[in-house]
Amino acid sequence: QVQLVESGGGLVQAGGSLRLSCAASGLTFSSYAMGWFRQASGKEREFLATISWSGGSTYYADSVKGRFTISRDNAKNTVFLQMNSLKPEDTAVYFCAAALSSRVVLSIRNYRYWGQGTQVTVSS
């Protein structure tokens with residue numbers, strides 16, 4: 001059974017930082033591209049960042065480019081999202097997801113497995 005478990009969310013002031021983690025089990029982690037998404041209340045789920053299976057390629061949404069960094073540790077079956085310079089509009093539930101691909105994956109439709117999400121709240 002595949003499980004993706006996010007952690008690291010919480011309440012932070014604007015301008016602060018958080019580091020999200022996503023621990024994967026039940027799959028050959030190094031065979032999957034990984035992605036981070038978020039969903040604010042009343043809005044659609046939004047793509048944020050993706051990383052290739054090797055970690056050699058990454059891609060970011062314009063809304064987070066330069067502020068967020070995706071990385072992975074294949075030895076620990078974990079993907080991370082370092083979030084800096086947080087803004088109140090970054091408030092959302094953050095999800096990690098896995099896509100069976102060696103390359104970065106941008107389309108939400110290509111992600112097969114999803115975590116349950118972790119809440120991030122940024123106060124002004």
Side-chain angles (χ1 to χ4, degrees):
Q1 180 182 359
V2 175
Q3 282 194 315
L4 301 178
V5 180
E6 301 94 338
S7 62
L11 175 64
V12 64
Q13 289 188 331
S17 298
L18 282 174
R19 188 191 195 206
L20 304 184
S21 299
C22 171
S25 61
L27 75 170
T28 305
F29 185 70
S30 58
S31 296
Y32 284 77
M34 298 298 294
W36 283 97
F37 298 78
R38 68 185 177 191
Q39 188 165 17
S41 181
K43 296 189 177 181
E44 293 187 354
R45 194 164 296 189
E46 173 191 11
F47 165 81
L48 298 177
T50 178
I51 188 166
S52 63
W53 67 272
S54 68
S57 297
T58 58
Y59 187 87
Y60 298 90
D62 287 343
S63 58
V64 303
K65 195 176 299 182
R67 299 190 299 125
F68 290 10
T69 302
I70 189 171
S71 61
R72 65 190 295 161
D73 184 339
N74 285 349
K76 296 183 178 180
N77 287 5
T78 303
V79 62
F80 305 97
L81 186 68
Q82 177 67 43
M83 306 188 295
N84 299 327
S85 303
L86 283 162
K87 307 173 183 179
E89 51 264 43
D90 293 319
T91 295
V93 178
Y94 283 68
F95 300 88
C96 67
L100 187 59
S101 172
S102 61
R103 301 179 178 181
V104 295
V105 177
L106 277 63
S107 174
I108 192 171
R109 300 175 182 177
N110 292 328
Y111 283 85
R112 182 173 183 179
Y113 301 111
W114 291 83
Q116 292 301 306
T118 185
Q119 177 70 46
V120 171
T121 303
V122 184
S123 64
S124 57

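Heavy-atom minimum distance, Val105 versus Ala99: CG2-CB, 3.8 Å. Between Ala98 and Leu4, the shortest heavy-atom contact is N-CD1, 3.9 Å. Scanning all heavy atoms of the two residues, the minimum distance from Ser17 to Ser85 falls at OG-N, 4.3 Å. In terms of heavy-atom proximity, Asp73 sits nearest to Phe80 at CB-CE1, 4.1 Å. In terms of heavy atoms, Ser102 sits closest to Ser52 at O-CB, 3.2 Å. The nearest pair of heavy atoms linking Leu20 to Tyr94 is CD1-CB, 3.6 Å.
At most 12 non-hydrogen atoms from other residues, nucleotides or ligands lie less than 6.0 angstrom from CD of Gln116.
Hydrophobic clustering (side-chain heavy atoms under 4.5 Å, transitive across Ile, Leu, Val, Met, Phe, Trp, Tyr) groups Val79 together with Val2.
Screening Met83, Lys87, Gln82 for a side chain to side chain contact (heavy atoms under 4.5 Å, CB included) involving Arg67 leaves a single residue, Lys87.
Separation of atoms CE (Met34) and CD1 (Ile51) is listed at 9.5 Å; rounding is to 0.5 Å. Atoms CG and OH, from Leu81 and Tyr60 in turn, are 7.5 Å apart once rounded to the nearest 0.5 Å. Atom CG of Asn77 and atom CD of Gln3 lie 12.5 Å apart (nearest 0.5 Å). The CD atom of Glu89 sits 8.0 Å away from the CZ atom of Arg38 when rounded to the nearest 0.5 Å. Summarising the geometry, atom OG belonging to Ser31 is positioned 7.0 Å from atom CG belonging to Leu100; distances are rounded to the nearest 0.5 Å. Between Leu48 atom CG and Lys65 atom NZ the span is 12.5 Å, to the nearest 0.5 Å.
With contacts defined as side-chain heavy-atom distances shorter than 4.5 Å, the pair Trp53/Val104 does not qualify.
Glu6 contributes a side-chain N or O that, together with a main-chain N or O of Cys96, makes up a donor-acceptor pair within less than 3.5 Å. Put simply, the side chain of Arg103 never gets that close to the backbone of Ser57: no donor and acceptor are under 3.5 Å apart. Judged purely by atom type and a 3.5 angstrom limit, Thr28 has no side-chain atom pairing as donor or acceptor with the backbone of Ser30. Although no hydrogens or angles enter the test, the distance criterion places a donor-acceptor pair under 3.5 Å between the side chain of Arg72 and the main chain of Phe29. In this structure, the side chain of Asp90 does not engage the main chain of Val64 through any donor-acceptor pair within 3.5 Å. Looking at Gln39, its side chain never comes within 3.5 Å of a backbone N or O of Val93 through a donor-acceptor pair. Listed for the Thr78 side chain is a donor-acceptor partner under 3.5 Å among the backbone atoms of Lys76.
The aromatic rings of Phe95 and Trp114 lie perpendicular to each other, with more than 60° between the two planes, well past the 30° mark.
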Between Tyr111 and Thr50, is the side-chain hydrogen bond (donor to acceptor under 3.5 Å, both in side chains) condition met? List the steps. CA-CA 11 Å; Tyr111 283 85; Thr50 178; 3.0 Å; yes
Mind running side chain to side chain contact (heavy atoms under 4.5 Å, CB included) on Gln119 and Thr91 for me, showing each step along the way? CA-CA 8 Å; Gln119 177 70 46; Thr91 295; 4.0 Å; yes
Kindly determine whether Glu46 and Ser63 satisfy side-chain hydrogen bond (donor to acceptor under 3.5 Å, both in side chains), including the steps that lead there. CA-CA 10 Å; Glu46 173 191 11; Ser63 58; 3.2 Å; yes
Quick one: do Leu18 and Val120 satisfy side chain to side chain contact (heavy atoms under 4.5 Å, CB included)? Show the steps, please. CA-CA 9 Å; Leu18 282 174; Val120 171; 3.9 Å; yes
Run Tyr32 and Tyr113 through side chain to side chain contact (heavy atoms under 4.5 Å, CB included) and show every step you take. CA-CA 10 Å; Tyr32 284 77; Tyr113 301 111; 3.6 Å; yes
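Checked against a 6.0 Å centroid threshold, the rings of Phe37 and Phe47 count as neighbours.
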